[in-house]
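These notes concern the structure reproduced below.
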Amino acid sequence: MLKIGIIGAGTVGSALAIRLAESGYSVAAVSGGTFASAEKLARTIKGCRACTGNQQVADITDFVFITTPDAVIPQIAAGLQWHKGQSVVHCSGADSTEVLAPARKNGRADRRFSPLTIFRGSQSGNRQSSRLDHRH
């Protein structure tokens, strides 16, 4: 089963992780601005591990969502060792996939989606989330 990682345990990352887990996806690892925020989110998802750093998330997952503030997405993408076959998605509504250029090296797949199209008005990931209901 595809292992999903979340870098950024704030509003968008938490809602995304919870909704993906509720839809049957394996959310295996999360990191946040603090370990406490990652731990809080991981406790809500069966089998999810709170990580002390972003590299741990990248090391143990196949598909990584970067849900941090827009300004730090390029630094995160450039600062991690990505693995062959891994996919990375950022959730900025303002930035293109160019901010993921460092992750694209060595054949990494990269994508983006705007959190406003999915999470508008949602605190727990329960509303506006039908687009995530694609089964694997």
Side-chain angles (χ1 to χ4, degrees):
M1 176 180 276
L2 184 72
K3 293 181 192 172
I4 296 174
I6 306 288
I7 295 175
T11 302
V12 172
S14 294
L16 180 61
I18 291 167
R19 186 63 182 130
L20 286 167
E22 287 173 348
S23 296
Y25 292 92
S26 173
V27 179
V30 298
S31 62
T34 65
F35 182 70
S37 66
E39 199 170 42
K40 179 180 176 184
L41 175 56
R43 279 194 305 262
T44 68
I45 300 170
K46 183 179 179 183
C48 187
R49 174 180 169 188
C51 296
T52 57
N54 299 333
Q55 187 62 55
Q56 286 180 296
V57 174
D59 287 345
I60 61 176
T61 60
D62 310 303
F63 195 108
V64 179
F65 286 92
I66 301 174
T67 63
T68 61
D70 295 356
V72 297
I73 294 170
Q75 291 86 0
I76 291 171
L80 297 178
Q81 295 272 325
W82 299 100
H83 307 284
K84 186 167 181 68
Q86 197 168 37
S87 295
V88 60
V89 174
H90 77 71
C91 297
S92 168
D95 294 323
S96 73
T97 58
E98 282 307 306
V99 298
L100 299 175
R104 195 176 309 121
K105 291 178 184 175
N106 300 317
R108 305 311 168 261
D110 62 347
R111 302 287 181 264
R112 71 174 279 279
F113 72 84
S114 171
L116 296 176
T117 61
I118 296 177
F119 300 106
R120 181 179 42 234
S122 175
Q123 292 299 315
S124 67
N126 291 328
R127 291 193 276 150
Q128 301 284 335
S129 58
S130 63
R131 295 178 192 195
L132 295 177
D133 285 333
H134 303 291
R135 298 295 170 171
H136 40 286

Nearest-0.5 Å distance that lies between atom CG in N54 and atom CD1 in I76: 5.0 Å
Close side-chain approach of L80 to D59, heavy-atom, < 4.5 Å: no
Non-hydrogen side-chain atoms of V30 and C48 separated by less than 4.5 Å: yes
Heavy-atom pair of closest approach, residues G32 and A38: N-CB, 3.7 Å
Any donor-acceptor N/O pair, Q81 side chain to Q55 backbone, under 3.5 Å: no
Exam field: side chain S14 to backbone A9, donor-acceptor pair closer than 3.5 Å: yes
Backbone N/O of V64 and side chain of Q86: donor-acceptor pair under 3.5 Å: no
Separation of E39 CD from T44 OG1 (nearest 0.5 Å): 12.0 Å
Side-chain (W82) to main-chain (V88) donor-acceptor, under 3.5 angstrom: no
Closest non-hydrogen atom pair between H83 and A58, with its separation: CD2-O, 3.2 Å
Pair I60-C51, side chain to side chain contact (heavy atoms under 4.5 Å, CB included): steps then yes or no: CA-CA 10 Å; I60 61 176; C51 296; 4.3 Å; yes
Side chain proximity check, F63 to V89, heavy atoms < 4.5 angstrom: yes
Minimum-distance pair of heavy atoms, taken over all atoms of L41 and A17: CD2-CB, 4.1 Å
All side-chain hydrogen bond (donor to acceptor under 3.5 Å, both in side chains) counterparts of D62, not counting sequence neighbours: none
Residue pair L16 / T67, side-chain heavy-atom distance below 4.5 Å: yes
Least distance between heavy atoms, I18 atom then I45 atom: N-CD1, 4.1 Å
Backbone N/O of V57 and side chain of S31: donor-acceptor pair under 3.5 Å: no
Exercise: identify the closest heavy-atom pair between A21 and V27: N-CG2, 4.0 Å
Minimum heavy-atom distance between T68 and G8, given as atom pair plus value: CG2-CA, 4.1 Å
